2 protein chains.
Amino acid sequence: MNIGDVARLSGIPAKTIRYYEDIGLVRPLRSGNGYRAFRESDLHKLAFLGRARALGFTIEDCRALLALYEDEARESAQVKRIAEDHLARIDEKIAQLRSMRETLAHLVHACAGDARPDCPILADLGHEER
Amino acid sequence: MNIGDVARLSGIPAKTIRYYEDIGLVRPLRSGNGYRAFRESDLHKLAFLGRARALGFTIEDCRALLALYEDEARESAQVKRIAEDHLARIDEKIAQLRSMRETLAHLVHACAGDARPDCPILADLGHEER
DNA sequence: TCTTGACCTTCCAGTGACTGGAACCAACAT
DNA sequence: ATGTTGGTTCCAGTCACTGGAAGGTCAAGA
């Protein structure tokens with residue numbers, strides 16, 4: 001399979017697949033013409049990567065997960081720890097965004113949004129006592 | 001005021017303040033010795049930027065907000081639109097993170113996290129029908 | 001046979017918003 | 001005189017791609 005085929009099948013852009021090869025996440029063979037020659041196993045790996053990335057795992061997490069995936073002697077505890085850490089990071093981010101969202105929503109609600117210059121959003125950012 | 005003073009007062013790292021000057025967000029004067037000389041107004045701007053960044057506005061949003069802040073003839077509608085767009089982006093991100101969180105939480109919950117190799121997290125990523 | 005177009009290759013640069021570090025100059029206390 | 005702390009510039013790295021240039025390969029049609 002050429003890169004275009006795996007790109008279509010895995011949903012990962014060809015450019016990204018080349019990048020994944022660059023950083024050693026996949027190691028496709030090469031045909032005589034210099035084209036990358038992907039095996040089924042490469043496609044499978046890329047699909048794995050696509051799903052892991054969709055869950056927000058970092059590339060380094062993906063590398064670790066892929067290694068565990070291929071390690072018969074893994075302990076599920078290793079996998080779980082990676083996932084739990086990631087879950088914690090996600091929760092942190094959500095909390096942060098929610099706090100931003102709340103403040104921002106209040107400000108937006110308080111702003112008339114008309115042709116006059118008075119604006120509680122700017123007043124807050126400028127920290128003038130309203 | 002030297003950069004260290006404004007850094008302390010605004011809570012923004014000196015490195016970041018230099019970066020903000022680089023991209024034209026602040027324009028401090030210069031003393032004879034080559035040191036940046038910050039006025040009260042520069043400090044005020046930096047504090048504004050710090051709060052806007054804390055709300056997650058992009059640097060370009062900050063630039064626009066700062067310009068509006070200093071524009072007597074602004075219309076609050078201009079400010080509100082920027083804030084509303086940003087709010088929408090935040091909501092999108094939260095939704096995305098929540099969806100990740102949900103999937104991930106299920107997988108983590110299903111994983112024994114012991115010494116055995118069987119792992120529903122990897123099974124899901126590998127897309128084997130469990 | 002020639003050409004067109006789709007596909008592939010490598011390499012370089014840019015994204016956003018900083019951050020780290022090297023190498024050096026200035027100010028001040030001891 | 002020396003040491004510490006602060007300032008300066010400039011270059012490179014982060015993360016995970018993404019865009020684009022310049023060129024090689026292949027199959028189909030005129």
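Order of the sequence lines sets the chain letters (A, B, ...), proteins ahead of strands, with each chain counted from 1. What you see is a predicted model; the values in this text were computed from it and never measured.
Remark: A:Thr16 is in phosphate contact with D:dT18, judged by side-chain N or O atoms under 4.0 Å from OP1 or OP2.
Of all non-hydrogen atoms in A:Pro117 and B:Arg74, the two that sit nearest each other are O-NE, 2.7 Å.
When the C1' atom of C:dA17 is taken as reference, atom CG of B:Leu25 falls 11 Å away, rounded to whole Å. Atom CD1 of A:Ile12 and atom P of D:dT18 are 11 Å apart (whole Å). As a whole-Å value, the separation of B:Met1 CE from C:dA27 P is 19 Å. Rounding to whole angstrom units, CD1 of residue A:Ile23 and P of D:dA16 are separated by 8 Å. For A:Leu46 and D:dC17, the CG to P distance is 12 Å, given to the nearest whole Å. The interatomic distance linking A:Tyr19 (OH) with D:dT18 (P) rounds to 10 Å, in whole Å. When the C1' atom of C:dA17 is taken as reference, atom CG of B:Asp61 falls 13 Å away, rounded to whole Å.
The closest side-chain heavy-atom distance from A:His86 to A:Thr58 is not below 4.5 Å. Between A:Leu65 and A:Phe57, some side-chain heavy-atom pair lies under the 4.5 Å cut-off.
Checked for salt-bridge contact, B:Arg89 and B:Glu92 miss the test: no charged N lies under 4.0 Å from a carboxylate O.
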(message) How would you summarise protein contacts on nucleotides 5-12 of chain C per nucleotide, using B for base, S for sugar-phosphate only and - for none, with heavy-atom distances below 4.0 Å?
(response) --BSBB--
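Summary of the strand contacts: A:Tyr20 and A:Gly32 both lie near DNA chain D, and taking for each the nucleotide with the nearest heavy atom, the more 5' one is attributed to A:Tyr20.
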Please list every donor-acceptor pair under 3.5 Å in which a side-chain atom of residues 102-112 of chain B meets a protein atom from a residue at least two apart or in another chain.
unit_1: B:Thr103; atom_1: OG1; unit_2: B:Ser99; atom_2: O; d: 3.2
unit_1: B:His106; atom_1: ND1; unit_2: B:Glu102; atom_2: O; d: 3.0

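In this structure, a donor-acceptor pair under 3.5 Å is present between the side chains of A:Asp114 and B:Ser76.
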